[in-house]
Colleague: 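The structure's right below; bear with me while I get my questions together.
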Amino acid sequence: MLSARVFAVVPLVLVVLALSGCSSWVCTDTMAERGEAGVRVQVVDTGGQPLGVTAAVVDWSLEPHPQVPSEGDQVHVRFRFDGADEYSDPAVDACAVDKERVTLGCQTVSSSQAFGRWLAVEHPEQVDAVLLIPNDQSHNRRTCEADIKDGGGMHPPEPPSRGDQL
């Protein structure tokens, strides 16, 4: 008698679990495509949609970092974000590149850091420009590996490595 009740309830429990998404977690991580780098870019979300924010390199120079002048010249870059408000803090990758647009060093910069940043590069004499990559890096979701239940989805592209061509 007890086993008949169990057999009657089990299918119902399985249906409830399946409908609630608890039967199995299929987690998928997807990487957004890297946007075209430039001196002035429209910041985009992981779906490639504009956020209404423009990031721009104001200027850059080679000079010793004031806190570690003994390390020689580094790239001092000033940038601005137009359209960002106090509640959003979009972030993009800033990269020092050579004449062929090969990255010499990159760092993520956000609108709250618009006072300027220093990019450390091995060969500062090779720097020809500083470019920004338009993909917003400020909201990176957890990966499936880190959180199988709540992770996954679309992620910003990985930051460029030294030697990548933009």
Side-chain angles (χ1 to χ4, degrees), residues 27-166:
C27 189
T28 306
D29 288 311
T30 307
M31 197 69 61
E33 190 172 319
R34 183 181 295 154
E36 181 69 27
V39 174
R40 180 181 169 90
V41 297
Q42 292 290 323
V43 181
V44 296
D45 64 15
T46 54
Q49 297 301 309
L51 297 179
V53 176
T54 301
V57 174
V58 174
D59 65 14
W60 65 274
S61 59
L62 295 176
E63 55 191 82
H65 191 292
Q67 294 177 336
V68 283
S70 62
E71 293 183 6
D73 284 345
Q74 293 183 22
V75 181
H76 183 231
V77 59
R78 289 187 329 124
F79 52 91
R80 72 172 187 266
F81 284 77
D82 296 327
D85 59 32
E86 67 244 28
Y87 302 109
S88 66
D89 191 21
V92 297
D93 290 321
C95 298
V97 297
D98 66 11
K99 289 180 182 169
E100 281 81 40
R101 294 174 60 115
V102 173
T103 58
L104 303 171
C106 296
Q107 187 172 28
T108 302
V109 297
S110 70
S111 61
S112 64
Q113 302 168 327
F115 50 84
R117 293 295 294 234
W118 294 88
L119 300 176
V121 297
E122 268 185 52
H123 301 285
E125 69 281 358
Q126 295 178 355
V127 176
D128 186 62
V130 174
L131 302 177
L132 302 173
I133 298 173
N135 305 86
D136 183 18
Q137 297 287 337
S138 66
H139 299 292
N140 198 358
R141 298 175 49 101
R142 294 176 60 94
T143 64
C144 292
E145 184 178 340
D147 187 346
I148 189 80
K149 183 175 177 250
D150 296 323
M154 185 67 80
H155 300 277
E158 291 291 326
S161 299
R162 190 169 295 180
D164 287 356
Q165 189 162 21
L166 298 182

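Residue numbers count from 1 along this sequence. The shown structure was predicted, so the numbers you read here are calculated from the model rather than taken from an experiment.
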Colleague: Look at atom CZ of R40 and say whether more than 12 heavy atoms of other residues, nucleotides or ligands are closer to it than 6.0 Å.
Modeller: no

Colleague: Would you confirm whether T54, through its side chain, and Q42, through its main-chain N or O, come within 3.5 Å as a donor-acceptor pair?
Modeller: no

Colleague: Just to verify, what does T30 make a side-chain contact (heavy atoms from CB on, under 4.5 Å) with, not counting sequence neighbours?
Modeller: T28, M154

Colleague: How long is the straight-line distance from CG of D164 back to CG of L104, given to the nearest 0.5 Å?
Modeller: 11.5 Å

Colleague: List the residues meeting side-chain contact (heavy atoms from CB on, under 4.5 Å) with S88, not counting sequence neighbours, and say none if there are none.
Modeller: A84, D85, P90

Colleague: Rounded to the nearest 0.5 Å, what's the gap from CG on N135 to CD on E36? Could you check?
Modeller: 11.0 Å

Colleague: Out of curiosity, D93 CG to D136 CG, how far, rounded to the nearest 0.5 Å?
Modeller: 10.0 Å

Colleague: If you measure only the distance, is there a donor-acceptor pair under 3.5 Å linking the side chains of S112 and D89?
Modeller: yes

Colleague: Would you indicate whether E125, at its atom CD, is surrounded by more than 12 heavy atoms from other residues, nucleotides or ligands within a distance under 6.0 Å?
Modeller: yes

Colleague: Under 4.5 Å between any side-chain heavy atoms of P160 and I133, yes or no?
Modeller: yes

Colleague: Any side-chain to backbone donor/acceptor pair from Q137 onto V109? Under 3.5 Å, distance only.
Modeller: no

Colleague: Do the side chains of V92 and F79 get nearer than 4.5 Å, heavy atoms only?
Modeller: no

Colleague: Could K99 and D128 be called an ion pair, given the rule that one side-chain N must be under 4.0 Å from one carboxylate O?
Modeller: no

Colleague: Who passes ring pair (Phe, Tyr, Trp, His ring centres under 6.0 Å) against H123, sequence neighbours left out?
Modeller: none

Colleague: Are any side-chain N or O atoms of R78 and backbone N or O atoms of D59, one a donor and one an acceptor, separated by less than 3.5 Å?
Modeller: no

Colleague: Is there a side-chain contact between C106 and R162 in this structure, where contact means two heavy atoms from C-beta onward sitting under 4.5 Å apart?
Modeller: no

Colleague: Within this structure, what is the CG-SG distance for the pair L131 and C95, rounded to the nearest 0.5 Å?
Modeller: 7.5 Å

Colleague: Is the shortest heavy-atom distance from the side chain of W118 to the side chain of E63 under 4.5 Å?
Modeller: yes

Colleague: Under 4.5 Å between any side-chain heavy atoms of H65 and E71, yes or no?
Modeller: no

